[in-house]
Number of protein chains: 2
Amino acid sequence: MANQLNPHVSVDCVIFGFDFEALHVLLIDRELSTSNTPVIKKDLKLPGSLVYDDEDLDTSASRVLKELTGLENIFLRQFHIFGSPSRVSNKIDLDWLTYTSKLPISRVVTIAYYSLVKIDEVNSADKLAMHGAHWIALDDVGNLAFDHNEILQAGLETLRSRLRAEPIGFELLPKKFTIRQLQTLYEVIIGQKLDSRNFRKKIAKLRYLIPLQEREINVAHKPAQLYRFDKRLYYKTRKENFVFTL
Amino acid sequence: MANQLNPHVSVDCVIFGFDFEALHVLLIDRELSTSNTPVIKKDLKLPGSLVYDDEDLDTSASRVLKELTGLENIFLRQFHIFGSPSRVSNKIDLDWLTYTSKLPISRVVTIAYYSLVKIDEVNSADKLAMHGAHWIALDDVGNLAFDHNEILQAGLETLRSRLRAEPIGFELLPKKFTIRQLQTLYEVIIGQKLDSRNFRKKIAKLRYLIPLQEREINVAHKPAQLYRFDKRLYYKTRKENFVFTL
DNA sequence: CCAAAAGTGTTACCTTTACACCCATGG
DNA sequence: CCATGGGTGTAAAGGTAACACTTTTGG
């Protein structure tokens, strides 16, 4: 009984990465075929898995992430449950699930997670490709398998709204980063240009953003100051701001 | 197959109500007994249900709410899934579930919803008691069944954090309310006293909070102006504020 | 006339916004 | 020496926070 895949519950992960220009998401090839037909169509899906009977949901999502990226202890949060009885209803999707899981599949409830990774720490594109995984810029995402477009969209909106309340942007940047990189990150996630003088003033007031004795190298312009984010200091000094919309 | 209860997936609802003084939550008697033993213990649980095979998750939660309160079209949002393999592991919990559902139960993942209702529109306390349901003030909640204390706590935190971003407080107030009632509501949810002159100034600027040609009656003090919340106007005039914590 | 909550304004401070030019580096 | 992005300050406007007294009703 234990260590069996549970055919009723799955996890799917929206894994975000940032290359200093745009947000990307990690997607997996899905080859549509059945036991006796050749590949009839390819498309892309979110990384995911059925959950083992004795496995915690968070553990299951961590496992997917680890297998794919090689990383552990990564920012990972469940954000929504997709459980419409008809969400896996078309024949191709059902066949694919039944074939790949070797289990009788009817209704599958999926727990959607979003994850933020530092692209430079993840397996290289070559290694990812061996798992059929690719970084796709958000603007280039086409029709995905199952209801994964809907899940991706919801994950993006969660990221947007959480970014306003928590300093999670740093999960997407290398340990050392420039203010410009941070600003661009906020701009692409929020979808708004920001004034960089005002942005820098904001930064300057935050004691948990610490300028290093280091600058960029090999750039064809004045090299920028590097900073790091001190998470511990953030949580020590953070003050609840009781601003509410009403 | 259709219209069968799915023994793997349930919904649980944290239903909040406000009586102008404190937040309350709607809880249900659970009588612990088995086929051949009498009632051995009573405790309280969140209202919930297993999900039918052909039933949407939101529909399932609405069904629970309707059965209990008599209300439809109520504010109801999923906020977390609880799916630890050991969350229903003690014998009493397992026996109860198996006995009441008449299904073989092992692991159950539950989708937790929080709901905001106007206490004056819900079934009266008498009617509720016929379903074994009671409004319990948050401060008076003791040990609940299963992991329901944890679910309740998470629901409360979700309510707190959403209240800062969305005007959902009005779901807990009658259609006509006073500024003092609104302020008390915010105070008990946020857990902070607010300055009432400043609070009123804030209100005065909001065009979607509309003073009525009506005042309180039968109060032993100067009767207060009544207001209503115009949801449509709110969504028409709302402007995204791009404040972010960083 | 008393108790109880309603309602009202001002000031100091802080935050946000808008806006333009010189600097340091690589090629 | 040119192209590229790095880095800087000020002023006006708006929002937030702190604070005490008069008004209106029921009993």
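Here is the naming used below: chain letters follow the sequence lines, and residue numbers restart at 1 for every chain. Please read all numbers here as calculations on a predicted model, not as lab measurements.
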In this structure, how many angstroms lie between the P atom of C:dC19 and the NZ atom of A:Lys201, rounded?
13 Å
Compare all side-chain heavy atoms of B:Phe20 with those of B:Leu172 and state whether any distance is below 4.5 angstrom.
no
Protein-nucleotide distance (B:Leu226, atom CG; C:dG7, atom C1'), rounded to Å:
15 Å
What's the CZ-P distance between A:Phe199 and C:dT16, to the nearest Å?
13 Å
Rounded to whole angstrom units, what separation is found between the CG atom of B:Leu182 and the P atom of C:dA6?
12 Å
Atom CD1 of A:Ile203 and atom P of C:dT16 are separated, to the nearest Å, by 13 Å
Reckon B:Glu216 touches a base, only the sugar-phosphate, or nothing at all at heavy-atom distances under 4.0 Å?
nothing
Are the charged groups of A:Lys175 and A:Glu121 less than 4.0 angstrom apart, N to O?
yes
Can you measure A:Lys193 atom NZ to C:dA18 atom C1' for me and round it to whole angstrom units?
17 Å
Is any side-chain nitrogen or oxygen of A:Arg197 closer than 4.0 Å to OP1 or OP2 of D:dT8?
no
Starting at CG of B:Asp195 and ending at C1' of C:dG9, how long is that distance when rounded to a whole Å?
12 Å
Under a 3.5 Å distance rule, please check whether A:Asp195 uses its side chain to pair with a backbone N or O of A:Asn198 as donor and acceptor.
yes
Kindly say if A:Arg180 contacts the phosphate of D:dG6, meaning a side-chain N or O under 4.0 Å from OP1 or OP2.
yes
Any sub-3.5 Å donor-acceptor pair from B:Arg160's side-chain atoms to B:Ile189's backbone N or O?
yes
Select from B:Lys205 and A:Ile179 the residue whose nearest nucleotide in DNA chain D is closer to the 5' end of that strand.
A:Ile179
For A:Thr110 and A:Asp12, which I'm curious about, is there any donor-acceptor pair between the side chains at under 3.5 Å?
yes
Can you check whether any acceptor in the base of C:dT15 is under 3.5 Å from a donor in the side chain of A:Lys202, or vice versa?
no
Which sits closer to the 5' end of DNA chain C, A:Asn198 or B:Gln181, going by the nucleotide each is nearest to?
B:Gln181
Contact state string [nucleotides 21-27 of chain C, B base, S sugar-phosphate only, - no protein heavy atom under 4.0 Å]:
--BBBS-
Under 3.5 Å, side chain of A:His131 to main-chain N/O of A:Leu68, donor-acceptor pair present?
no
Using whole Å, what does the distance between atom C1' of nucleotide C:dA5 and atom CD of B:Gln225 come to?
15 Å
Donor-acceptor pairs under 3.5 angstrom involving side-chain atoms of residues 203-211 of chain A: please list them, not counting sequence neighbours.
| from | atom 1 | to | atom 2 | distance (Å) |
| --- | --- | --- | --- | --- |
| A:Tyr208 | OH | B:Leu246 | O | 2.4 |

